[in-house]
Amino acid sequence: MRMEKAYDSKEVEDKIYNFWEKSGFFNPDKLPRKNDLRSKKKTYTIVIPPPNITGSLHMGHALNAIVQDILIRKKRMEGYKTLWLPGTDHAGIATQNVIEKELKKEGKTRFDLGKEKFIERVWQWKEKYGNTILNQFKKIGASCDWSRIKFTMDKDYSQAVKTAFLHYYERGWIYQGERVINWCPRCQTSLSDLELEYKEKKGHLWYIKYPLVKNSKLPARHSPALEALAGGQTTNYIVVATTRPETMLGDTAVAVNPHDGRYKNLVGKKVILPLVNKTIPIIADRLIDIKFGTGVLKVTPGHDLVDYEIAQRHNLEMIKIIGEDGKITKNAPIQYQNLKTSEAQEKIVEDLKKINLLEKIEEYTHKVPYCYRCNSRIESIPSRQWFLKMERLAKIAEGIVKKGKIKFYPKRFEKGYFDWLKNIRDWCISRQIWWGHQLPIWYCENSEQKIKNTTSKMGFAGDVVPQVFDNKTRTYRLRDHGLKIGNKVAFENSITGEIFGTATITEVQKTTVGRIDLKDKKHWKTYNRLEELIAAFKRHYPEKEINTNTSAWIYTYKFDASCPSIVNEYPPKKCSTCGCKKLKQAKDVLDTWFSAALWPFAVFGWPLKKNDLERFYPTDVLSTARDIINLWVARMIFSGMELMEKIPFKVVYIHPTVLTKEGKRMSKSLGTGTDPLELIEKYGADATRFGIAYQIGKNQDIRFTEENIIMGKKFCNKLWNAARFVLMNKPGWIDADFSGFTRIKNLMPADKKILKTLNKTIKAVNKNLENFEFGKAAQTLYHFFWHEFCDIYIEKSKKQLQTTNSKLQTTKILLYVLLTSLKLFHPFIPFITEEIYQNLPIKNKKTCLMIKNWPI
RNA sequence: GCGCGUAUAGCUCAGUGGCAGAGCGUCCGCUUCACAUGCGGAAGGUCGUUGGUUCAAAUCCAACUACGCGCACCA
């Protein structure tokens, strides 16, 4: 084969990739089992972070593909049975949004199509475009085993998802509950805490006067007296500062810090909630920041997570005034109902001005949550969702990294991981979208109706403080009955004693009351129902004397008063509570990240198939971007530990982020992105790989410049021409893995030097790659090859080649250094090295450079 | 608010307790038979600021400044 003067990537790359695919060596089962090293060594596995089916290759993917391919190719050459398993993620919300956008162009919504047709359409889309991104991976030379390709909605993968769900459910870690959650009004679904993006927004801080109630005999609701006071006919008020005045419609208290001297004597008194005209209490809570605003917080339990927490402690009512559609609900005064939150804000501010209750407005910049998929403003709203308890899982995930069983590179990323796990909240895993894994839960259709009709008559033996949250969930305070999640309880009519319904406990909370001191009035503020509590304790423990040393606690049970839902892999035949056959599956689907968390073992067929799982799990390295450490990596770790009882991977490599030259985020919508496919087209895959790898350092983000790729291209040409020079001198045929120059005695000084430098380079490159220092490895190799080999040795060799007694030796050394360099360069620039290798005069060359022995 | 990272030539970045480096760009000179995607040469830097440790600091330490990122109970 004739080698052209200049290297042409276009002529080589597709040809070589096909050659590799045909060889079958991407598949570990087809790797030759032979010689020395290979038989002893085992498997080396990387599972790809599955890109979304909606994605197309961007610089982040490209960089990560390069990293993974370098690792895999090196290990393959070292003789490991290497598996790089490719696949894609169904990406629930992201994909659904893409199809919804398509429909919008046709003037339709997903509701026009209906769920079934819509899902069908997503599948069609997936068949057509779903593998686009993986084909782009081929373009940069990714040596994935395409015969093992996986999709997170494959049939066996769905089985894994169900099994995992059931496992957690049986552990008692999955529960349903009414909570304040993050809601995207556009996507019409709940989101987990990690699926938000906070953006800095200029806004206002409104200072609103809440008039104080002096006369405690005033009625609690709507009365002329209240309206008069609320209308400004008072000089006594407390001022709250808020960024969202519209949420005041759902206020059920105002709160101050217990140590705030300014308000100490107001705690326990009441204020009038303007515009709504009802009285709400002033409470004390440690969460209140004395320094913020006026030091007074309006408590809106339904629409703020912090307020919700405070409300839990103080037993406050929760009013839902913003609905799923992002509009004000009918729980608010009529004049605000159905307004969008922004409209309501405007009107409320105006109305407050009219009655002179708006003290002042300040400019204020704060961070506002947006949906990470559609960029809509997120609302906090109370909603009934499914949650996964994180307490135990977080401990597991924390422990295994603390113990060093899983290592992060660079190590500093462990900190964010630990911080998240330490402050974790339960994971909201249900989503109200259509595309995804439906919850394996079935409901009895009758139950809701049945319970509704009997609500008013309900009582419960032993109840103390019943609180109705909504029609379905009730919270009762009971003495400790020893009840646990999943236990059934019976409803009885408190007058007749007739039992008319059953329910299942969905949540148990223990609250320590501490010492009850009847004389100490402090407790009256903290536990505003103390009187009732004491009475209750006396009722339940008549034999006990309640005195200043009494310690007690309260259990709060939440339970579902409908027929309990059935969690099962397959649809059950009948309701196990009422026996009826009208069962329907829960509509909600699981968070995409719930299924993604199973990736490292579900890809191998868990829980049904064992073969691959036993060979390739745990995987060796997970290489991924830093922004999904908690969203994905942490969840894989606890899923692996809990479900497989083994770590999912030994090492987490967090790769650098590719930024623009100006240090800005690469973004398609901002037009600041660079398309790696264009680079490949322009400079070749090897040049692109080398240029990027050259810049991968330990700490740095990469400010991308095309100049680096140009350098890569120039280097490829240098390599190409060095090879041409070596071959020009007709070195004669050699063995594929020849070595042993160290034993030859009559070496020239230049010979000795280049061989010595080569050995040093090999050591350095091996060390660098073990430490994920791809940039250093590339730089070392570059320097060696260009400046030591080409500039010095090749130049010297020109003279040596003219002397007969050193000619043979020199041609061999030239070839040896070239061959060894090709091996060292192969993981970085696989195409050109393979192409040159195929041109070398090597005896018995039946195969490819890709599986040649790695230099050690 | 807390935490992390970065700051070195015009640009992108290496670097090390002991003479300041590469690639690209710029300027000058070379078609010499591997390569003009090349070769030879040159210009260009108070190594973010201020202190400290040291015989010696761009390097270690502290504070500060700027930029980037993450987290927070961001009202």
Side-chain angles (χ1 to χ4, degrees), chain A residues 3-8 193-194 198-201 203 205-208 240-245 247-248 251 254-255 285-289 291-300 303-310 364-369 410-420 422-423 626-627 629-630 656-657 659 661-665 683-684 687 691 694-729 773 775-776 778-780 782-783 786-787 790-791 794-795 797-798 814 818:
Chain A
M3 287 174 78
E4 295 296 327
K5 202 169 168 185
Y7 173 65
D8 183 4
D193 295 337
L194 289 174
Y198 284 88
K199 286 187 204 167
E200 202 134 278
K201 286 281 159 189
L205 200 51
W206 281 274
Y207 288 76
I208 305 167
V240 302
T242 179
T243 56
R244 299 202 64 189
T247 62
M248 70 181 287
D251 286 0
V254 297
D285 195 285
R286 60 183 165 79
L287 280 191
I288 312 310
D289 181 357
K291 279 172 254 161
F292 188 92
T294 56
V296 186
L297 170 74
K298 56 189 264 320
V299 184
T300 321
H303 301 283
D304 187 287
L305 277 166
V306 180
D307 295 11
Y308 176 74
E309 213 179 287
I310 295 171
Y364 185 68
T365 307
H366 63 143
K367 282 184 180 169
V368 178
K411 194 170 164 59
R412 66 192 146 89
F413 288 109
E414 284 176 9
K415 199 179 176 307
Y417 171 85
F418 289 137
D419 286 351
W420 181 66
K422 217 173 281 163
N423 308 316
R626 71 184 60 149
D627 47 353
I629 291 175
N630 296 328
T657 306
L659 305 172
K661 195 174 177 176
E662 290 73 34
K664 299 274 178 243
R665 219 190 183 99
Y683 305 106
Y694 193 90
Q695 270 197 289
I696 301 177
K698 221 176 188 175
N699 315 306
Q700 281 299 115
D701 286 335
I702 292 175
R703 292 189 175 204
F704 178 78
T705 57
E706 216 162 297
E707 276 97 66
N708 278 291
I709 312 298
I710 294 171
M711 175 198 63
K713 188 178 157 80
K714 287 184 178 177
F715 179 75
C716 285
N717 198 58
K718 189 76 181 174
L719 180 65
W720 183 255
N721 278 291
R724 281 180 66 219
F725 175 79
V726 173
L727 294 177
M728 209 175 67
N729 292 295
E773 303 204 48
K776 265 190 200 168
Q779 287 153 32
T780 307
Y782 179 95
H783 183 264
W786 199 309
H787 300 299
C790 294
D791 286 359
I794 286 187
E795 291 309 317
S797 77
K798 286 174 183 171
L814 281 170
L818 175 68

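Per chain, numbering begins at 1; letters A, B, ... match sequence-line order.
- Regarding A:Phe292, its CZ atom lies at a distance of 18 Å from the P atom of B:A72, rounded to whole Å.
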Between A:Asp307 and A:Leu297, is a side chain to side chain contact (heavy atoms under 4.5 Å, CB included) present by the stated rule, with each step listed?
CA-CA 9 Å; A:Asp307 295 11; A:Leu297 170 74; 3.6 Å; yes
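- Within 4.0 Å (heavy atoms only), A:Lys798 reaches at least one base atom of the nucleic acid.
- Heavy atoms of A:Phe418 sit nowhere under 4.0 angstrom from any nucleic acid atom.
- Within the 4.5 Å cutoff, no side-chain heavy atoms of A:Trp420 are placed close to those of A:Ile629.
- Between A:Tyr782 and A:Phe715, the ring planes are tilted. Angles from 30° to 60° get that label.
- Distances were taken from every side-chain heavy atom of A:Asn717 (C-beta onward) to each of B:A75, B:C35, B:C73; the shortest belongs to B:C35.
- Residue contacts shown for A:Asp289 include a base, since a base heavy atom lies under 4.0 Å away.
- Put simply, the side chain of A:Asp419 reaches to within 4.5 Å of the side chain of A:Lys415, judged on heavy atoms.
- Comparing the C1' positions of B:C60 and B:U53 gives an interatomic distance of 8 Å, to the nearest angstrom.
- In this structure, A:Phe704 reaches neither bases nor backbone, as no heavy-atom distance under 4.0 Å exists between it and the strands shown.
- Remark: RNA chain B forms stems of 3 or more consecutive Watson-Crick or G-U wobble pairs, all pair distances under 3.5 Å, at B:1-7 with B:65-71, B:10-13 with B:21-24, B:26-30 with B:38-42, B:48-52 with B:60-64.
- Inter-residue side-chain proximity for A:Asn630 and A:Tyr417 is flagged as met; some heavy-atom pair is nearer than 4.5 Å.
- Rounded to whole Å, atom P of B:A75 lies 14 Å from atom CD1 of A:Ile208.
- Looking at the side chain of A:Arg412, the nearest of the listed nucleotides B:C13, B:G5, B:C74 is B:G5.
- For the P atom pair drawn from B:C39 and B:C33, the interatomic distance equals 14 Å after rounding to whole Å.
- The side chain of A:Lys776 places no N or O atom within less than 4.0 Å of a non-bridging phosphate oxygen (OP1 or OP2) of B:C13.
- Rounded to the nearest Å, the gap between the P atom of B:A34 and that of B:U49 is 48 Å.
- If you check every strand for non-hydrogen atoms under 4.0 Å, A:Glu309 touches nothing.
- B:C24 and B:A14 have their C1' atoms separated by 14 Å, with the value rounded to a whole Å.
- When the side-chain nitrogen and oxygen atoms of A:Lys718 are compared with OP1 and OP2 of B:C39, one or more of them lie within a distance under 4.0 Å.
- At a threshold of 4.0 angstrom between heavy atoms, the contacts of A:Ala6 include nucleobase atoms, whether or not backbone atoms are also involved.
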Protein-nucleotides 68-70 of chain B N/O pairs closer than 3.5 Å?
none

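- B:A56 and B:G18: their P atoms are spaced 14 Å apart (whole Å).
- The shortest side-chain heavy-atom distance between A:Lys5 and A:Arg724 falls under the 4.5 Å cut-off.
- Between the side chain of A:Glu795 and the base of B:A34 there is at least one donor-acceptor pair of N/O atoms closer than 3.5 Å.
- Remark: the separation of the P atoms in B:U26 and B:A7 is 27 Å, to the nearest Å.
- Using cut-offs of 30° and 60° on the angle between ring planes, the pair A:Tyr364 and A:Phe292 is perpendicular.
- Nucleotides of RNA chain B nearest to A:Cys716 and A:Gln779 differ in position, and the one nearer the 5' end is that of A:Gln779.
- Rounding to whole angstrom units, CG of residue A:Asp193 and P of B:A72 are separated by 8 Å.
- Of the C1' atoms belonging to B:U59 and B:U46, the separation is 16 Å, rounded to the nearest Å.
- The shortest distance between side-chain heavy atoms of A:Met728 and A:Leu814 does not fall below 4.5 Å.
- A:Arg244 places its CZ atom 13 Å from the P atom of B:C74, with the value rounded to the nearest Å.
- At a threshold of 4.0 Å, the pair A:Asp304-A:Lys298 does not count as salt-bridged, since none of the basic side-chain nitrogens sits closer than that to a carboxylate oxygen.
- Between A:Phe413 atom CZ and B:C71 atom P the separation is 12 Å, expressed in whole Å.
- Taking atom CG of residue A:Leu305 and atom P of nucleotide B:C74, one finds them 9 Å apart after rounding to whole Å.
- Put simply, CG on A:Leu727 is 14 Å from P on B:C35, counting in whole angstrom units.
- Between A:Met248 and A:Thr242 there is no side-chain heavy-atom pair separated by less than 4.5 Å.
- At a threshold of 4.5 Å between non-hydrogen side-chain atoms, the residues A:Ile288 and A:Ile310 count as touching.
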Starting at the 5' end of nucleotides 21-33 of chain B, put B wherever the base has a protein heavy atom under 4.0 Å, S where only the sugar-phosphate does, and a dash everywhere else.
--SS---------
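- Put simply, CG on A:Leu205 is 8 Å from P on B:A75, counting in whole angstrom units.
- A gap of 8 Å separates the C1' atoms of B:C2 and B:A72, to the nearest Å.
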